[in-house]
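Everything below concerns the one structure shown next.
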Amino acid sequence: MSSSASSSSARLNEVRGCVRAFLEFDSSYYGGMAQQMWPGLLRLCFPELNCSTLEDMLVNIVGKGLFLREQHFKFSNGWLSSSESGFEGFHPFDFIEFFAGSANLSKELLRKFHGCAFDILFEEGHDALSSGGLKLFILALCLTTEQALVWIATQCSSFVSLCVSVSKRKAQNCWMGDQSREFVLNGNCQMIVSALIYFLSRLLGNVTLLEQPLNSSLPNTPLMASVLTFCSSTKVVTHLGSYGGKTVKPLQVWSSSVTFEDLYRPRPEGLTESLVVKGDNGSFTGKKDALEDSSVYPPAFGAKVASLFERHRSAQVL
């Protein structure tokens, strides 16, 4: 067996051990939602894996990504021809932005890196809750470079405190809310998909981040909490108002790399524009235009993420 084949085999064995450990961890401490939810999603995306266990499916997907990285490495170093590798004219992704919205983050990253952005706003084929859209997301992950940046900004509407009177998300129902309501169920499905993407990305060795408003309960849901905890992810709190945003807009960013703790910014002074208005009965209603504006990253925030990613990559080379 060649040293390359031996190394690939060892890496896959490590991945399998990690998958097995996570599934045991998730079952023991978080109710085993991964085993309940992920197999059906993956079989819809990859019918050829229909008879496989969840462990085998995850390992096979990661194995595909590792194989493609190896092929591109051989092509880049002249060990494989373009016809042998299939990589002529294509460069693997240095970053992926999922649920990208206006893609302001990608616009800044593209100044120095090669990558892509996905959002249903761009086209229906980017729908994460369709089998085609999720398959597209997973295949994109398989085409990432080593230590790529993967940014996941899952739609937060049903998870924020502004909607809690309707969503009924609370600790007593594990933050899963009133699932008889379509927008709550939709949010839960996006959470399940996002947790899968986060876990696969970490198995591939990528720098992976989840962004949510500070008052979002999405990271508290059992499956996402399980993935974040198992992956030793840490939370940093920052404010878009400190990066040039019109409103304060506090965010929580969960990351697999301590480098991104430098995204921290304190609450800015002097910003008076609010995202909500208080009614006569004491209830709060969101200001639509302000909420939409606050979901767009200021250029300075995207530039900071790009700078930290560049720093992270430089540290890996040293």
Side-chain angles (χ1 to χ4, degrees), residues 11-12 14-23 25-26 29-30 34 38 58-59 61-62 65-66 69 92-100 105-106 108-109 113 115-118 137-138 140-154 156 190-214 216 218-238 251-264 297 301-302 304-318:
R11 179 77 180 269
L12 271 184
E14 182 182 337
V15 168
R16 183 174 292 278
C18 188
V19 169
R20 189 170 295 166
F22 167 72
L23 293 178
F25 173 81
D26 184 55
Y29 298 102
Y30 288 92
W38 287 353
L58 293 170
V59 172
I61 290 169
V62 174
L66 297 178
R69 280 183 188 168
F93 303 125
D94 297 314
F95 75 87
I96 302 177
E97 184 182 6
F98 291 114
F99 307 100
L105 177 60
S106 290
E108 295 300 324
L109 286 164
F113 302 102
C116 59
F118 297 101
F137 284 18
I138 292 173
L141 280 178
C142 290
L143 290 170
T144 50
T145 58
E146 189 75 29
Q147 292 287 328
L149 182 144
V150 174
W151 185 276
I152 307 168
T154 316
C156 62
Q190 291 195 44
M191 175 274 295
I192 292 165
V193 164
S194 297
L196 174 61
I197 293 296
Y198 196 105
F199 187 58
L200 284 171
S201 180
R202 289 300 299 129
L203 289 175
L204 284 162
N206 293 329
V207 181
T208 313
L209 301 100
L210 172 74
E211 179 271 299
Q212 286 286 284
L214 183 57
S216 169
L218 185 147
N220 301 330
T221 56
L223 183 53
M224 186 59 79
S226 179
V227 168
L228 293 173
T229 302
F230 184 82
C231 294
S232 301
S233 302
T234 56
K235 180 177 76 171
V236 60
V237 174
T238 192
L251 298 181
Q252 54 179 313
V253 180
W254 292 83
S255 172
S256 63
S257 169
V258 295
T259 299
F260 288 87
E261 291 179 0
D262 281 355
L263 282 174
Y264 168 77
Y297 299 139
F301 180 76
K304 183 63 176 180
V305 173
S307 172
L308 293 177
F309 180 45
E310 185 174 27
R311 182 203 302 177
H312 173 88
R313 279 214 152 175
S314 298
Q316 302 309 305
V317 173
L318 296 178

*Q147 side chain vs N206 backbone, donor-acceptor pair below 3.5 Å*: no
*Within the distance-only criterion (no hydrogens, no angle test), does the side chain of S256 pair as donor or acceptor with the backbone N or O of T208 below 3.5 angstrom?*
yes
_Less than 6.0 angstrom separating the ring centers of F309 and F95, yes or no?_
no
*Say whether Y29 and T229, considering side chains only, have a donor N or O and an acceptor N or O under 3.5 Å apart.*
no
*Does any donor atom in the side chain of Y297 or E211 lie under 3.5 Å from an acceptor atom in the other side chain?*
yes
*Output yes when a side-chain donor or acceptor of E146 lies under 3.5 Å from a complementary backbone atom of G205, and no otherwise.*
no
*asked:* Using a 3.5 Å distance criterion without hydrogens, assess whether the side chain of D26 forms a donor-acceptor pair with backbone atoms of A34.
replied: yes
*asked:* Tell me whether the rings of F199 and F230 are parallel (<30°), tilted (30 to 60°) or perpendicular (>60°).
replied: perpendicular
*Could you tell me whether the side chain of V305 reaches within less than 4.5 Å of the side chain of L149, counting heavy atoms only?*
yes
*Y264: what forms a side-chain contact (heavy atoms from CB on, under 4.5 Å) with it, not counting sequence neighbours?*
V236, P266
_Side chain E97, main chain G115, donor-acceptor under 3.5 Å_ = no
*Between T221 and L223, is there a donor-acceptor pair closer than 3.5 Å when you use the side chain of the first and the backbone of the second?*
no
